[in-house]
Amino acid sequence: MKQLYLLVSMVLLVHVGAMAQRNELSASGTSTKQNSNVRLSDQTVLGVTGRVTDETGAAFPGVNVLVKGSSSGQTTDADGKYSIEVPDANSVLIFSFVGYATQEISVGSRTNIDVKLALDVQALNEVVVTALGIAKESKKLGYSATTAKVDEMTSNRTNNMMSSLEGKIAGLDISPPTAGPASSNKIRIRGQSAFAGSDNGPLLVINGLPMSQGAESANGGQRDRDGGDNFMLFNPDDVESMTVLKGATAAALYGSRAAAGAIIITTKNGSKTKGIGVEFTSGVVVDEVLDFTDYQYEFGQGSNGVRPFSGANAVSVGQLGWGERYDGVMTPQFDGVSRPYEAASTNRIKDFFNTGVTFNNTVAVSNGTDKGSMRASYSNMEAKGVTPNNEYSRKIFSLNLNQKLGDKLSVAVAMNYTNSVNENAPQVGLQGQGYMNFILRTSPTTPLWAYEQGATNPNGSERITTGFGGTILNPYFYIPRQFNIDRDQRLLGTVSARYQFTKWLYLQGRVAANYNFSNSESNNPTGGGGYGTANQGIYYDATLTTFNGQYNVRQASGSDMNYDFILGGNHTFGDFSVDAFFSANRRHTDGRDVNTNAQGFQTRDVYTIGNGTVFGQGSGYSQSEINSMFGSAEFGWKSIVYLNFTGRNDWFSVLTPGTGSSLVGDNSYFYPSVSGSFIFSELTEDKLTWLNYGKLRSSWAKVGNTAGINNYYGNVSYTYSTQQYLGRTIGSVSATVPNPNIKPYSLQETEIGLEARMFGSRVNVDMAVYKKVTSDQILGVTTSNASGTGSIQANAASLTNKGFEFLVDVVAVKTGAFTWTTSFNTAYNISEVLDLGPGVTRQTITDFYNNGGSNEFIGKQVYEVGKPLAQIAAKTYPRDANGNVLLNSNGRLYVAPGQPDVLFGGALPLYTGGWNNTIRYKNLSLLVHFDYKAGGKMISGSNLNSLRQGHSKASLVGRREGETGIVFPGVYVNGPNAGQVNTTSVPAQTFYGDIRGLQIADDFIYKSDYIKLRNITLTYDLTSLLSSKTRFVKGLVLSGSCRNVALIKSFVDDLDPEAVASSADARAGYEAVSLPTSRSWGLNLNVKF
Amino acid sequence: MKNLKRIILLSLPLFFMAGCDENFEEINTNPTAILKISDPGLLFTNVLRNTSVGGSWDAESTIVQHFVLPYILGATVGYQFNENVEAANGAAFGMYTGNLRTIEHLMSLIKDDEARSNMYNQTRIMRVHHYMYLVDHYGDVPYSEAEKAGSEGIFYPKYDKGSEIYDDLYKELKEATAALDASKPSSSQYDIFVAASASSATQMAFWRKFGYSLMLRMGMRYSKLDPTGTGKAKEIVQAAFTGGVMQTNADNPAILNMTGSGVGTPIVGYTNGRNGIRGANVYYYYVAKPIVDQLKSTNDPRSKFMIAYYNGKQNTAPSIIKPDVDPANQYGVPVGYSDGTLQSVKPAGYRPPKGDGLDYSQINYNVVGNSTTPSVIITNAQVKLLLAEAAKRGYIPGGDAQAAIYYYEGIDASMDGYSIYPNVAATAVSNSTTEVLALPTVAEKTAYKAQVGVVYNPATALQQINTQYWIECFNNGYEAWSNFRRSGYPALSPNLYNNNLNGGFIRRNSYPLREQTSNPVAYQEAVANLNGPDYLTTRIFWDIP
């Protein structure tokens, strides 16, 4: 209902906008008439006319002409001409056009003012928000810092605002997993900085409050739902600016937290508003599930070419599509009912999943005065996921206050409170209750409605639908019975005070707080097939008195506090300038959690602790602290050369010997950086007139990270026996031995970059080459048992990431009111594992199959010395020296004893980038964005199953007309015809079953490269069409967008190459049981009052 | 100027924070974990309780032909088939991550604790036993750099020469034993070898005897290196003898194993460490012909505690309350055969298979093979027999006369030693649910000792003494094996199942495979220092040919 109202009001507003346009047209009509009557002596109204030209002298239509201090204004016509009334001779006219320097011209006694607009060099000499929120002219930066286009995040809205930046910033690799509307992103800046397990997501700094990205990735069996990340705490409508600090130097001031780069966000504080402003934004996004499967619908359910002959048989072959050719004859299905033997649907993915809808509404009030400013906003997002029962709602309250207290002291407060409820986030990367597992693997012969109607046995337990009773579970049993609710509250706040002693010296103190409180509940319903059929499938115990199932509740709270002071100043001495500060920071974190679970329910389907009879519980507490001192000094000469030095020393509590600690190592680490920029265009100004701006930059930094050293790492603890031995208690010392010399890993990065603006600044180029070496990474290394422990966390491994980034931004066409800006970015990053510890050449990061132990499908992710990170390792076809596949004398695949895994390539893309086009005509702008990734591999568990279970088109090979099985190209390895070419036919089901059994991955490895038409956004800025009579409306922008428009190039069968369920490093390139990807249609309206 | 003042004032907090890690100790202390042990004595109990004593039935005990597992069962293929297998090789090394880790940790906690100096020195004595166990198994092992992962960050310790380790252990044992001080507090409340209420004097007297007895064992290990009785063997044995070794069976440091409240079920975790063979398929496990023949031929009263004949299939032990313990009905499996070759070759003593297993005697699961059987680190009987040999060799005074006395005392002590075993008492009880076997009577002991071959004979004394030692060590494969290597007695025939050992005996364990990959540099150095390849037949320092 609420949403309906919003839609209606949006339509009304559009209507108002159209009326405003008409009013404007009539107003300009009358002004022309009045213009002829203008007299110099007329002090109340003056008419001014003129012509606006661009930098080439051509007529410039569509330029906004405004009278300063009022809302009246217009745009220039096709000849660049305008005509406007001004109140008096003191009036000032403002001429503006996006990308051009705004000019303010006093009218004085003139009635004709011609203006030539120049490209906005100042905008190119933009101010960038750098580490610690310090704004700097970009020319002074010796490192790469890219400012994101914030408006593109609001017009192309995604639940997690970082998703909309995919492919837009060179070197920023964003991979949104397909894991529901509240999922985290995998964000890697310049590659994966350290091994899996380290926090390789960028540091997120919001109004000076640093926090980790905190991605709670789905992780297969360990964590089957994606818990989102910290970027979801923000409403993009509140964001004033976002800077991506790519390299270690850029982030070096964050010391031990800077290893993976940083993203600096400042929120709007109302200072851009003069007087009271109200802003309302309303958006709706509709998600349409995409189905890339191209399965066979020729053969039905069954095994070995035989259709089910009974209900029980239909269950045992429920997941198999190895039956007979469809003929429509009535055939028993899992529920014992006979239905026509045909494909019940060829569109099962779309049949099962819903259309997702997200409503987003924000209202913001701001007020700016010369004494300060404020902005308060409230936003509400309601998202319905494509998975049944999955809903995500988020309310964000944001408040920013700035106040000057006298001339020198100012205070600022920024607060962001987020309250989110995530209900039934989809289970991904998991068999069992992962719904996609059922949809993809269960034969389409049975209609979904039959699974829904026949979901339960008479006693209410799940009616098993396939031979994989406990691993392919019927979603229709779980949808109404299972719940998993995460309620999170987060308060982020920054309070700062700044005292400006003199023009050149200030002291700032700041407290930044991050409080979280979460409550989550989940159940596993009574009677689910995962409990097996013991005790009639619903009872917990043999006495048949209590019901199975589980209820869990967990409450957690914590805080992450930062206190800092900055003493800073700058001074110019002739040609020399100095800008320096000294700072100190204390970060204190603590967290506690309590969880309880109940089983053995007395009353069925009541999931509470009180209803249980068997309980488990746990609780935890931890705290840590990092104290830091740091400083920066920048030296400039003649605005040509800048040199910047930073240094930071961190003291870590987790590295401090304390009670029960074996640590002896140092807890103090120093992280320096040096960077420089050389604005060579200052020297070539006269000679190279086409070069508007040219800068060479270079930097080096060393940072580090304590990832892998948990709180209380060094603590040695004891346990006591619960049973007495000969009347005595036995005490034991904990089996884990901490490494006394453990230290943070370190990362050194060197970067060289070039920025240039040419040809009237219509061509902008920014490029960077970097190399970073991550050493002393913390790994669990195998030690001699004689050392007292068999393995220990040690600083043992190293890797490099090398790459380049390239951005070119061209104003391709600019004729009159039409401009086409095209921007292309690309990044190349290649990693190499240098060292994995003494004598180790390969380390398994994730064994997906793990001999069936991990409840997953195929392959491993390994690190191998000399290779890029995240190699996909798996078995391949056994071959002889000539490359012939070896087959047994019966034509089946030969099992080579101890056949090793081979490497199929790295899962991480080498190339990432995008091509962004903005076409503007007057107030209409069209954004067309393509993006791509290339150079990585993926392995598909879904495709393994669709082949071996007879669903994919590939599984038709061997059973098409005239075929009686597979005669696989290869040679016999044994038997009388050893060495001869195979002529023996093997039934397809048997052959593909062997591939599954032997875990041969060749057919399921793909290049994960893709080119996508990611986004089309059409924005209509109605502001200038507003009538002076509707002057209470100061701005009106309407935009419509489509995201994931088209997959232009892909190498993967039956899947979107981005269909990876997890944003975790350890699961890169592994596809299985992820949700289908979606296309989103969005409509967004922004009104300013 | 005014501003400058302000700057200084406002900057002060900065410098308070500067370099500040003062609260970090408190912050980095987990409030929810036990980080300070309430009493280190609890660890001392742990050390005593978890001390390895006898090795394993299917490793050490098969070398000395007490025991045999004739079935080739994959994982259990090991020393009975002269196979160099990881499972057997790696077992002793497990001490490093087990009890030795606790020992070193405990010593670090109480090193400077005056009130616990006795406990500290007791722990040192235990440490000596553990390292002797390691050296006796492998030869050179990590010692000076061992157990230092947590304290010094040494993850790949070097190996020290066995002889040098022994030298240091001797020093440790001397110092620790001498430092036991009855005037200092006792630790008897944690000491499982004495009553919880024992006085410091009682406890220290016990430990002094234990320490010197261990020293006696150590000294005798040098006997091959000191054939003339002028070297280390004599020095150490004399030091031990002078210090005062164990006198009676009450001095036995026995690790008792517990049953639950009256039902005979062992308490999990408090059972005998050599309990592994009891789990399942016990019909695969048999005693070997040499020990059976020895017991049978001398009508040994101890036989009934050690071996038994079970009629019928034994899935798990003990499923028969009253196995046949009549020595006349006992048959040992000939050494050097698998179940298969046994049936094809039919060697002397061959008996055809029966049921699922073979038709031979097994361990008496009610007594020696019981899960609650005690483990005695060093027995009074062993001490007496070592003294007999020491006297015979002239390391201590008395010659043959004194040797004979010690020899007979050793036999008596061995027989009486079964009093602490389950289902053994002074008088027999036999009914439908229980069978308690009687300890040998004085008459039985006398008769036994009077037999030809048992009665002390100066000409064959060393063979007799060490054969008795071999019988005494039936429940201690490690000590039986060590003493067999040292003394060469009893004169066992090599296991000729294959030629893996070149017709010899297993004289050491190979280093665990894991060391080759996890500690390769030190491992290679250690192998280079061996008297041969890293193999079972290479001799350790005190075991010269």
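Lettering follows sequence order; numbering is per chain, from 1. Note that these values count all heavy atoms, side chains included, but never hydrogens, waters or copies made by symmetry.
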Quiz prompt | Minimal non-hydrogen separation, A:V733 against B:T102, with atom names | solution = CG1-OG1, 4.3 Å

Quiz item: Is chain B contacted by the side chain of A:I742, its backbone, both, or neither, given a heavy-atom distance below 4.5 Å?
Solution: neither

Quiz item: So which pairs with a foot in residues 713-723 of chain A pass salt bridge (charged side-chain N to carboxylate O under 4.0 Å, His left out), sequence neighbours left out?
Solution: none

Quiz item: With a 4.5 angstrom heavy-atom cut-off, which part of A:A794 approaches chain B: side chain, backbone, both or neither?
Solution: side chain

Quiz prompt | Closest-packed option against chain A by number of heavy-atom pairs under 4.5 Å, given B:I27, B:T45, B:N519, B:T517 | solution = B:I27

Quiz item: Taking C-beta and beyond as the side chain, do B:P31 and A:Y621 meet within less than 4.5 Å on heavy atoms?
Solution: yes

Self-check item: Whether A:N785 side chain and B:Y96 backbone form a donor-acceptor pair below 3.5 Å
Solution: no

Quiz item: A:Y720 and B:I34: side-chain contact (heavy atoms from CB on, under 4.5 Å), yes or no, with the steps?
Solution: CA-CA 9 Å; A:Y720 301 138; B:I34 303 166; 3.7 Å; yes

Practice problem: Side-chain contact test, heavy atoms from C-beta onward, threshold under 4.5 Å: evaluate it for B:H105 versus A:Y718 and give yes or no. | Solution: yes

Exercise. Would you check if B:F155 and A:T789 make a side-chain contact, meaning some heavy-atom pair closer than 4.5 Å?
Key: no

Practice problem: Could you tell me which portion of B:L43 (side chain, backbone, both or neither) has an atom closer than 4.5 angstrom to a non-hydrogen atom of chain A? | Solution: both

Exercise. Nearest 0.5 Å please: distance from the CG atom of B:N23 over to the CZ atom of A:R586.
Key: 6.5 Å

Self-check item: Taking every non-hydrogen atom, the tightest pair across B:E26 and A:Q623
Solution: O-NE2, 4.2 Å

Exercise. Please determine, among A:N649, A:V737, A:V654, A:N741, the option with the most heavy-atom pairs under 4.5 Å with chain B.
Key: A:V654

Self-check item: A:Y725/B:I255 under side-chain contact (heavy atoms from CB on, under 4.5 Å): CA gap, chis, key distance, verdict
Solution: CA-CA 11 Å; A:Y725 174 69; B:I255 302 163; 3.6 Å; yes

Self-check item: Heavy-atom pair count under 4.5 Å with chain A, highest-scoring of B:T32, B:I192, B:V521, B:I154
Solution: B:I192

Quiz prompt | Greatest number of heavy atom pairs closer than 4.5 Å to chain B - which of A:T719, A:D590, A:N667 | solution = A:N667

Self-check item: B:R101 side-chain N/O to A:S787 backbone N/O, donor-acceptor pair under 3.5 Å
Solution: no

Exercise. Name the region of A:S734, side chain, backbone, both or neither, that has any atom closer than 4.5 Å to a heavy atom of chain B.
Key: backbone

Self-check item: Winner by heavy-atom pair count (cut-off under 4.5 Å) against chain A, out of B:L134, B:T97, B:N30
Solution: B:N30

Quiz item: With side chains defined as the heavy atoms from C-beta onward, is the minimum distance between B:F24 and A:L655 less than 4.5 Å?
Solution: no

Exercise. Work out which heavy atom in A:N711 is nearest to a heavy atom in B:N28; give both atom names and the distance.
Key: C-OD1, 4.5 Å

Quiz item: Given a strict heavy-atom distance threshold of 4.5 Å, which part of B:S38 is in contact with chain A: side chain, backbone, both, or neither?
Solution: both

Quiz item: Is a donor on one side and an acceptor on the other found under 3.5 Å between the side chain of B:R49 and the backbone of A:I730?
Solution: no

Quiz item: Which pair of non-hydrogen atoms, one from B:L35 and one from A:S717, has the smallest distance, and what is that distance?
Solution: CD2-CB, 3.8 Å

Quiz item: At a heavy-atom separation under 4.5 Å, does B:E104 approach chain A through its side chain, its backbone, both, or neither?
Solution: neither

Quiz prompt | Part of B:S151 within contact of chain A (heavy atom distance under 4.5 Å) | solution = backbone

Self-check item: Heavy-atom closest pair, residues A:T782 and B:R514
Solution: CG2-NH2, 3.4 Å

Practice problem: Output every pair passing salt bridge (charged side-chain N to carboxylate O under 4.0 Å, His left out) with a member in residues 130-157 of chain B, not counting sequence neighbours, ordered by first then second residue. | Solution: B:D136-B:R221

Quiz item: So which of A:S732, A:G790, A:G788 has the largest heavy-atom pair count under 4.5 angstrom toward chain B?
Solution: A:G788

Quiz item: For B:N99, is it the side chain, the backbone, both or neither that has a heavy atom under 4.5 Å from a heavy atom of chain A?
Solution: neither

Exercise. List the atom of B:G150, the atom of A:P740, and the distance in Å for their closest heavy-atom pair.
Key: O-CG, 3.2 Å

Quiz prompt | Interface moiety of A:V840 toward chain B, non-hydrogen atoms closer than 4.5 Å | solution = neither

Exercise. Among A:G620, A:A735, A:G714, single out the residue with the greatest number of heavy-atom pairs under 4.5 Å to chain B.
Key: A:A735

Quiz prompt | Portion of B:I103 that has a non-hydrogen atom of chain A nearer than 4.5 angstrom | solution = neither

